[in-house]
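As structure tokens, the structure follows; a few thoughts come after it.
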Amino acid sequence: MENRVSVGLLGFGTVGSGVAAIVQQHQQDLLHKLGAEVSIDKVLVKDLTKDRDTGLSPDVFTTELADIVNDPSIDIIVEVMGGIEEAKQAIEQALQAGKQVVTANKDVMAQYGHELLQLADAQKQDLFYEASVAGGIPIIRTLEDGLASDRISNLMGIVNGTTNFILTKMKQENMSYEDALAQATALGFAEADPTADVGGLDAARKMVILSSLAYSTEVSLDDVVVRGMDEIQEGDVELAARFGYTVKMVGASQTDEDGIEVVSEPVFLPDAHPLASVNNEFNAVYIRGAAVGETMLYGPGAGSLPTATSVVADVIAACRNILLEVKGKRQHAPQHARPIKPANKQQAKYFHRLLVNDEIGVLTNVTAVYSKHGASLQSVMQHPSEQDGQAELILVTHRISRQQHLDIITDLDGLAGMISHYRIAGEE
Ligand SMILES: NC(=O)C1=CN([C@@H]2O[C@H](COP(=O)(O)OP(=O)(O)OC[C@H]3O[C@@H](n4cnc5c(N)ncnc54)[C@H](OP(=O)(O)O)[C@@H]3O)[C@@H](O)[C@H]2O)C=CC1
Ligand SMILES: N[C@@H](CC=O)C(=O)O
Ligand code: NA
């Protein structure tokens, strides 16, 4: 490598173009920090005819992965092409070809991260993935290094910029869901297919990555309770506000003697909770550790340059490991085999919004279901429904288990229509 680092870039879209911009515009800073020039010498794309403002020679663009992976002069491969299987294979081939690898791909790292990190260890290479969670926020580095001395027990974050942007625009500008999603897509926040964004799967993948790292264990996507934005019904945001709550799409996990629970879902957050004021495409991750107590990281979770900042930070880390001859020295095998906490051990307060017949005895019958399942009620409110002869019942429980919550929903069927339900997060 000497005084020049050669980079192969897989993908030149929202993030890849941002990486090229930062490498070109911050070249003097990189030279000062590394004592070496960082040069993007090959770029993989699908469509060579696409019009691009790159600042790079057209000769560097190729549609053949082998041109990059098999090029002995390439030191570091940056995977920002997206998708799962082809990207995973590209990362595998790059590691096996003796390259350092940087990826922003949370889909791949959630599904194959454990095996890819151990392949990197075996190949004595490094696999960096800072940009895969919370875009421009250095959350991976914080968990790996900054909080390495602590024992983390809780994570809770807004880790999907697209849905946070949509919720913010709908609440603050009364924008329609469709218009807000279209704007998030135009601004480069949403995935090429936004289904994972709005369905909660993108945040779930990120919580798998964060929880595996924070708790040094192998969390899988199947372990995560996932609910998407479609669970948020007309009027819920306003109702939440009447009770002093804000609706947010949240990823959360915790670990204790009963095991680990990981969720990605819309929740009610107290208006005073720091996460309640995280808006637009911004992300934030709230961490609780035995020694540090509570700390929170905040910043842009999506977008070309913010995400590219994390990618180039990993390129710098990869360069330093090459220069210091410590490539692949950090081992990634998990320390613990932790069970998933059963639903009857997962405790929280719940908000239930029901549609009932407006007639004598309904309230008694409904509250009897909560009593049957040992659920104490913090508050009950009834208000008229727009539907003739119907009323809405709002019930907030004290802390109950997820199992009690699920059993109550089941038993209410036939007695009341469940309009919507939320876990109340961030409130003991
Ligand atoms: N956008 C964001 O804010 C963030 C994105 N990420 C992650 O970063 C990665 C990239 O995202 P983003 O830049 O938004 O995606 P884009 O869709 O904007 O860009 C993808 C790029 O990869 C190229 N590409 C895709 N598939 C192939 C293939 N099979 N062979 C060759 N080239 C291919 C495309 O080529 P062509 O240009 O010819 O179409 C395009 O240049 C994803 O994993 C995403 O989840 C992570 C954090 C934030
Ligand atoms: N689509 C993702 C991009 C970053 O990971 C998001 O909206 O957060
Ligand atoms: Na990050």
Side-chain angles (χ1 to χ4, degrees), residues 8-20 42-52 54 61-68 78-91 102-111 128-144 157-167 181 184-206 209-210 213 229 249 251 264 280-285 297-314:
L9 191 56
L10 310 186
F12 202 87
T14 299
V15 180
S17 59
V19 170
K42 289 271 176 69
V43 180
L44 177 75
V45 291
K46 271 191 290 197
D47 178 358
L48 288 174
T49 65
K50 200 182 263 189
D51 183 28
R52 305 175 199 270
T54 73
F61 287 83
T62 178
T63 56
E64 297 300 322
L65 176 65
D67 291 350
I68 301 178
V78 173
E79 185 279 310
V80 283
M81 58 199 267
I84 298 182
E85 296 310 324
E86 282 193 80
K88 186 231 179 183
Q89 287 164 22
I91 292 171
V102 173
T103 184
N105 198 319
K106 52 282 174 79
D107 304 16
V108 167
M109 291 307 290
Q111 193 165 341
F128 295 98
Y129 54 101
E130 181 61 72
S132 67
V133 181
I137 304 173
I139 181 64
I140 302 294
R141 198 154 271 118
T142 298
L143 290 171
E144 274 194 325
I158 293 173
V159 293
N160 181 266
T162 299
T163 48
N164 204 42
F165 180 88
I166 292 169
L167 281 173
L181 175 56
T185 302
L187 290 167
F189 304 150
E191 299 301 311
D193 171 357
T195 307
D197 289 305
V198 298
L201 187 55
D202 180 67
R205 286 172 169 141
K206 292 165 177 175
I209 295 167
L210 290 187
L213 179 56
M229 283 193 82
M249 291 296 289
S264 167
N280 292 314
E281 74 277 16
F282 281 77
N283 285 192
V285 181
L297 285 82
Y298 169 84
S304 181
L305 290 178
T307 307
T309 303
S310 288
V311 172
V312 179
D314 279 348

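Counting starts at 1 for both ligands and their atoms, in listed order. Predicted model, so just to flag it, every value in this text is computed and none were measured.
Closest protein heavy atom to atom 2 (C) of ligand 2: E191 OE2, 3.2 Å. The shortest contact between atom 14 (O) of ligand 1 and any protein heavy atom is with T14 CB, 3.4 Å. Closest to atom 8 (O) of ligand 2 among all protein heavy atoms lies G161 N, 2.8 Å. Annotation: atom 7 (O) of ligand 2 to nearest protein heavy atom, T162 OG1, 2.6 Å.
Within a 4.0 Å radius of atom 30 (N) of ligand 1, the protein contributes at least one heavy atom. Closer than 4.0 Å to atom 37 (O) of ligand 1 lies at least one heavy atom of the protein.
Close approach to G301 involves these atoms of ligand 2, each under 4.0 Å from a residue heavy atom: 4 (C). Set against the non-hydrogen atoms of K206, the atoms of ligand 2 under 4.0 Å away are 2 (C), 4 (C), 5 (O), 6 (C), 8 (O). Near F189, the atoms of ligand 2 lying under 4.0 angstrom from a non-hydrogen atom of the residue are 1 (N), 2 (C), 3 (C), 6 (C), 7 (O). Counting the atoms of ligand 1 from 1 in the order shown, those under 4.0 Å from a heavy atom of K106 are 44 (C), 45 (O).
Not close to ligand 1: G83, with no non-hydrogen atom less than 4.0 angstrom away.
Residue A192 places no N or O, backbone or side chain, under 3.5 Å from any N or O of ligand 1. Inclusion of A190 in the set of residues having an N or O under 3.5 Å from an N or O of ligand 2 is not warranted. For ligand 1, the polar-atom distance check finds an N/O of E191 within less than 3.5 Å of one of the ligand's N/O atoms. Among the atoms of E79, none of the N or O lies under 3.5 angstrom from an N or O of ligand 1. In terms of N/O distances under 3.5 Å, ligand 1 is approached by G303. Polar contact check, A302 against ligand 1: no nitrogen or oxygen pair lies under 3.5 Å apart. Residue D107 places no N or O, backbone or side chain, under 3.5 Å from any N or O of ligand 1. For ligand 1, the polar-atom distance check against G301 finds no nitrogen or oxygen pair separated by under 3.5 Å. Distances between N or O atoms of A131 and those of ligand 1 include no value under 3.5 Å.
With rounding to the nearest 0.5 angstrom, the CD atom of E281 is 12.0 Å from the CD1 atom of I166.
Here D197 has side-chain heavy atoms under 4.0 Å from ligand 2, and that is the only part of it that gets that close. Only side-chain heavy atoms of K106 come within less than 4.0 Å of ligand 2; its backbone N, CA, C and O stay farther off.
The closest donor-acceptor contact from the side chain of S310 to the backbone of G135 lies under 3.5 Å.
Between the O atom of V133 and the O atom of E130, the angle centred on the Na ion (ligand 3) amounts to 90° when rounded to 10°.
Within the coordination shell of the Na ion (ligand 3), defined by N, O or S atoms under 3.0 Å, I137 is present.
By the 4.5 Å heavy-atom criterion applied to side chains, L9 and V80 are counted as neighbours.
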